[in-house]
Every structure is written in C-alpha cells, then in structure tokens.
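Worksheet: the structure to be examined is printed underneath.
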Amino acid sequence: MLFRASASAVAAEITSGSLSFRLMEQFMHVHGHRPGTSETRSWARSIPVLANALNDAGLGQVEVMLEYGLPLNSKRADAVLAGVHPATGEPSYVVVELKQWSQADPEDGEPLLCRVDAYTRPVLNPIEQVRGYCDYLVAFNGALEGHSDRIAGAAYLHNATEFGISGLYEAEQDSHGRLFSGERRGEFIEFLKSRLAPVPGASAADMLLSGKVRPSKQLIAVAAQEVRERKQFVLLDEQRVAYELVLNAVRKATEADHKEVVVVTGGPGTGKSVIALSLLGELYRRGVPALHATGSSAFTKTMRKVAGARKREVQDLFKYFNSFITARKNGLDVLICDEAHRMRETSANRYTPAAQRTGRAQVEELLDAARVPVFLLDEHQVVRPGEMGTVAEIKAAAAGKGLECRIVPLDSQFRCGGSDAYLHWVVRLLGLEPGGPLGWEPDGKVGLEVLDSPEELEEFLIARRAEGYGARLSAGYCWKWTTKVPPGHSLPADVTIGNWARPWNVYGDRALAGAPPAALWATDPAGFGQVGCVYTAQGFEYDWSGVIMGPDLVWRGNRWVTDRTASKDPVFKRSTSDDDVDRLIRNTYKVLLTRGMVGTAVFSTDAETREKLRELVRAAG
C-alpha cells in the first residue's frame, strides 16, 4: 500500500498538489525505482475522480487505501475503501479498479477478455479483474474469512461512454464484480453509498490490514476435494513414513505450541511431489492452513494445472519461494517446499522493492513462515548458480533458530522403470559419486540406447510414439536460444547439429506456432518437436527421454572434461567458478538422463564421448 487516508484527506492532498509526490516518494521507497510515466499519469487522472465521487456521496470519512498489495502476491488493487455497512453496521470494503480507457471491446467469443487500443494483446475484462481481487482477499485475508459479503468490487471506467464499453457487459456481474462507465457516475455513487455509511472507516481499515494471511477454511475445503480426489496419489513404504511424520509434527505443533522442520530427500522419481500433494489434500481435509511452494515457474504452473484445473481459487495455493519475504512469522501451520534444491541464497531480485530487501536468507524466510516447514529435495538437481537447497544448509539454518530437524530419505523410486540400478549407473557415469563409470547391466526395468546421430535419436523417439508411448527430446544448453519471436513467425531452429536442426521449446508463458508455453512443454503432447532444456524438463517425467549431450561435457582419455565456453546458459557469469560450472553441468545431465519412465536414448555431439557411451552400454553384452 502506497498511501492511506480518509477520502476528505485524499481530496485535500490532491488540492494542495502533494498527493502525486507522496505516492512517488513511497513507491520509490517500496520498489527501489521511480514509477513509470503511465503509472504516475494514472494517479494524476484517476484518483481525483474517485476522491470526488466519495466526497460527493458524503463519504469523506471512509478510509482510502491506494495501491493496496494483495497478500503473498505482487498484484496491487488501485484502491480499497474501508468503512461501515449502512444496513448491517459491520465492516465493509470496496475494491475499486480505475481505468482511463475510453473504449474497449470483448475478445471474439470470450467475454472475460477484451481488446484495448493501448495494448497489443487481449487483457482481462475489468469486471473479472476486480472480482478476482475480491475473491483472492476473501481466500487469504483472515479478516474476511466467512464474510465474503463484507467485500464488493467495482471497475470504474471514468473516461468511457456506455457505447464505448457496451460489449464488456457480456461478462457476468455480481457483488464482487461490477462495471460503471463515466456516464453512469451517478449509479457508481449510489453503489458506494449502498456499501459504505458516512462514518469513519479507520477501524475497518485496521482490521483488514491486521488480518492473518493464510488460506481460508472455505478455500481449504475446496482444495481438499480437488486434490484428495486424485486417485494417482498413492504412497508406499518410506513415502508413507514421510507423510505420517509431517502429520505428526503438525499435531504436535497444534497441541503443544511446537515447531519442527522436516526434510525429505530423494532422487528423481522417488515420489517427493506425490507426498507434497497428498499432504496438501489431507491437510486441507483437516482444515489446516497450508501452502505449497517451489522455485520453478514450470513446476508451479503445472501443479496449478494438475491440482486446480477445475477450481481457479485452488491454483492460488501454489506459490513461489520468494512469496514469503514479508510473510508473518508462523502465519501458516504448514509450508510444503517442493523442489527445495531450487532455493536461492536470497529472495531479492532486481524487481524486489527496496523496503523488502532485508538481506535475510531465503531458507530463513521459509523456516519462519510456518510452524511446520517441510522441504523436499534432491541435492543432485541443483543446476543454477545461486541455488542453495541442500540438507546441510537447511539443518544449519534450523539449528541457528533452535529448531529440531527431521530427515527422511526416500530410497525407492518410480521413475526410470523403478530401476535403482539405472539411477546408480547415471550418478557413477557423471562422476557425482566416486568410483568412475560402470558398464550398464540391463535389469529388465528400463531401456537404454546410444544413438549415432540426432536423426537416429529423433527417429527412435518417433517410433516409440507410434507404439503409444510419450516422448520428449532435451539437450544441454549448448546452443543460443532465440527468446523473442515475432507474432506469426515459426520458432527458429536454434539447435543445429550438421544438417539436423530443431527449435528450443517456447520461451515464455504463451503458446507459439502450435508449440505449448514453456511451463507445459513436458506435459502437453505438442511439446514433441521442440528441444527442451533442463529448466523445462526438471521436475517432470515422460515415457521415453531422448537426450542430446552437447560439447559442454565430453569424455577425454579416462575422465570427463567440462568446457564452460561451450555452454550458452546465461546463468553462468564470469563470477561463477569453474568448479561450480563443472558441478552444475554434470547435474544438468543427471536431470535430463533421469526423466524417462520407460527408457532413455542418448546421443552425444562428440565422437569420443559417443564411443565411451557405446562401450559402457555394450559392456553388458
């Protein structure tokens, strides 16, 4: 929130010419940079319109909170009005979205989207935008739990005529989402008077601002049904042990004001994410406030799709590790940190507001956020500089806070055909465990093939797809990646080996030229045909995994040699040491070589490396 005052005080600040300065000053303090021109123009043109409407309605004592930040989220509502309901005498809130649009048309066949001349892409219908803000506050602000009727939402397009936005009314309106044009200013004022009495609203604002940030019981109930009904979540052996240990820690935390840390470790396919989702379902069924968090955009978006496909509100239970910078200490009962090997040293990045740059380690923020923080990780999947997710790091941070830390190792695994022998072969192959590479001894559980060209590799995968299997082709980050593709153009074939060339998976959050967005490359059937990188493959699995080993890791004589100059990964900076680059490249290939449920097919761009791989795989015969 950038500014808070009564409506009459806001009007006085506008009259004196100081409001824009106050907003800019606070924006720079919070965000660490100056606001954009469009933002300051919006403040200058739209806030006076709202203040005038409130004061003309006789609501000068209503509290106005400008640029109100949603909890655990980077989104901001233009204004939240706080006061007393004229009929019930209860606290009452109105979320207001202010638009300078003079005209907007619904997107063809989709009334929840609209086209505005100022934007090149469709944007959300303001009715749905403000409704989403209301629903989110009900779901995550304890002051509104069980009181969804206390909040209302309105989009006020004060420059628009009825004719200019008539198509937007195709979207359904309700108490959380209403739309008013400039021609309907009188109706907007009556709407405000129906929700807010002409009495001071400061106490209601205090109540909203002090509300506990946690999932509401209603949201938990929806999620319980949505997640728990998924029949594929079946736990076996030590998976069940980890599950029960967390539930036991939750029970102790509830009964005895106890705090405990649980760390679940395991390699690819050991069921860490199955445990995470099973825990969510059970905790939600019990009404326990819990959230799921990861450091992976692709993984989080897929979890939202898997667990919240039918319920949009369930998707909001899946957060990122950097969502907890300002979280209240122990505000949650449980925080499940999936893919915890992807934790960063700090949550701050170039977009983090200056006021939130505390210098605290990310692991400390996550430990503080809940009574029972749960970390699920695989230390051999650290693939980026700055990723800090190790058991030692978590134990040290927990010890520094005087917290008990339980470690649960997962040994059995369900990827790679359930072949522990194959996983052992991969870590020995890449030198991630001592002893050197081993000859591959087939165990009848997983297939392993070495191919002589990218054409053979792709043909092999196509043949597997023809047999009804899923397949993906991934590669080390050894080719440039064209990240900006003009609309209407096909994906450029960046991955080029001889006469063979294929595009990387789509860069970004929108589908392009028939290819799915990056987050869905591993799960959408249309992902076949593009080459995935470690960042889109990590955390996922498919039947057959095709892997191209590039020139960044080659076999020379009797050992592996990493060539950092062959890597095009922009995360490797000059400050990244050679030892770190070596470790991260080996971990990258470990991730890529362990995605296949049924089998893996490998091709190396280097002839000597191909021969070494053939020798190891032939050793069985």
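Just so we're clear, the structure is a prediction, and the values are computed from it rather than from any experiment.
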Would you find a donor on one side and an acceptor on the other, under 3.5 Å apart, between the side chain of [X] and the backbone of [Y]?
| X | Y | answer |
| --- | --- | --- |
| Glu97 | Ala77 | no |
| Glu170 | Ser166 | no |
| Arg4 | Ala202 | yes |
| His85 | Ala87 | yes |
| Asn55 | Ala7 | yes |
| Arg184 | Leu179 | yes |
| Asp569 | Phe572 | no |
| Ser42 | Ser38 | no |
| Ser323 | Lys319 | no |

Atom [atom1] in [X], atom [atom2] in [Y]: separation rounded to 0.5 Å?
| X | Y | atom1 | atom2 | answer |
| --- | --- | --- | --- | --- |
| Leu2 | Met28 | CG | CE | 12.5 Å |
| Ser567 | Trp479 | OG | CH2 | 10.5 Å |
| Cys134 | Leu70 | SG | CG | 10.0 Å |
| Thr482 | Leu491 | OG1 | CG | 9.5 Å |
| Gln173 | Arg131 | CD | CZ | 8.0 Å |
| Arg22 | Ser16 | CZ | OG | 8.5 Å |

[X] to [Y] - nearest heavy-atom pair and separation:
| X | Y | result |
| --- | --- | --- |
| Ile165 | Leu157 | CG2-CD2, 3.8 Å |
| Ala104 | Val116 | CB-CG2, 3.9 Å |
| Pro200 | Val84 | O-CG2, 4.1 Å |
| Ala154 | Val130 | N-CG2, 3.6 Å |
| Pro198 | Gly58 | CB-O, 3.3 Å |
| Gly83 | Ala204 | O-CB, 3.3 Å |

For the rings on Tyr477 and Trp504, is their centre-to-centre separation under 6.0 Å?
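When the ring centroids of Tyr477 and Trp504 are compared, they turn out to be within the sub-6.0 Å range.
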What about the rings of Phe180 and Tyr156, do their centers lie closer together than 6.0 Å?
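Not under 6.0 Å, so no.
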Is there side-chain contact between [X] and [Y], with heavy atoms separated by less than 4.5 Å?
| X | Y | result |
| --- | --- | --- |
| Leu144 | Leu208 | yes |
| Tyr169 | Pro111 | no |
| Val95 | Tyr136 | no |
| Asp105 | Cys114 | no |
| Asp333 | Val372 | no |
| Leu54 | Asn52 | no |
| Val62 | Leu81 | yes |
| Val94 | Ile151 | no |

Between [X] and [Y], does any side-chain N to carboxylate O distance fall below 4.0 Å?
| X | Y | answer |
| --- | --- | --- |
| Asp56 | Arg185 | yes |
| Asp368 | Lys401 | yes |
| Asp149 | Arg195 | no |
| Asp494 | Lys480 | yes |

Do [X] and [Y] get their side chains close enough for a donor-acceptor pair, meaning under 3.5 Å?
| X | Y | answer |
| --- | --- | --- |
| Ser181 | Glu162 | yes |
| Thr346 | Gln362 | no |
| Tyr93 | Asn141 | no |
| Arg41 | Gln100 | no |
| Asn505 | Thr536 | yes |

Would you sort out whether Glu190 and Lys193 count as a salt bridge (charged side-chain N to carboxylate O under 4.0 Å, His left out), showing the intermediate values?
CA-CA 5 Å; Glu190 290 303 313; Lys193 290 167 68 174; 3.6 Å; yes
Within a reach of under 6.0 Å around CD of Glu172, are more than 12 heavy atoms found that belong to other residues, nucleotides or ligands?
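12 or below, so no.
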So with a 6.0 Å cut-off around OH of Tyr507, is the heavy-atom count from everything else above 12?
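No, because the 6.0 Å sphere around OH of Tyr507 holds 12 heavy atoms or fewer from other groups.
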Determine, step by step, whether Phe321 and Cys337 satisfy the side chain to side chain contact (heavy atoms under 4.5 Å, CB included) criterion, reporting the C-alpha distance in whole Å, the side-chain angles of both residues, the deciding distance to 0.1 Å, and the verdict.
CA-CA 8 Å; Phe321 290 153; Cys337 301; 3.7 Å; yes
From CA spacing to verdict: side chain to side chain donor-acceptor pair (under 3.5 Å), Ser18, Glu13:
CA-CA 5 Å; Ser18 59; Glu13 292 274 354; 2.4 Å; yes
Apply side chain to side chain contact (heavy atoms under 4.5 Å, CB included) to the pair Gln103 and Phe163, showing each step before the final yes or no.
CA-CA 8 Å; Gln103 180 175 331; Phe163 177 78; over 6 Å; no
Start with the C-alpha gap between Asp580 and Lys573, add the side-chain angles, then the distance that decides, and say whether salt bridge (charged side-chain N to carboxylate O under 4.0 Å, His left out) holds.
CA-CA 11 Å; Asp580 281 346; Lys573 309 296 184 184; over 6 Å; no
Run Ile336 and Leu376 through side chain to side chain contact (heavy atoms under 4.5 Å, CB included) and show every step you take.
CA-CA 8 Å; Ile336 298 173; Leu376 303 105; 3.6 Å; yes
Quick one: do Thr40 and Met24 satisfy side chain to side chain contact (heavy atoms under 4.5 Å, CB included)? Show the steps, please.
CA-CA 8 Å; Thr40 55; Met24 184 177 297; 3.8 Å; yes
Side chain to side chain donor-acceptor pair (under 3.5 Å) evaluation trace for Glu365 with Ser347:
CA-CA 9 Å; Glu365 294 168 358; Ser347 294; 2.6 Å; yes
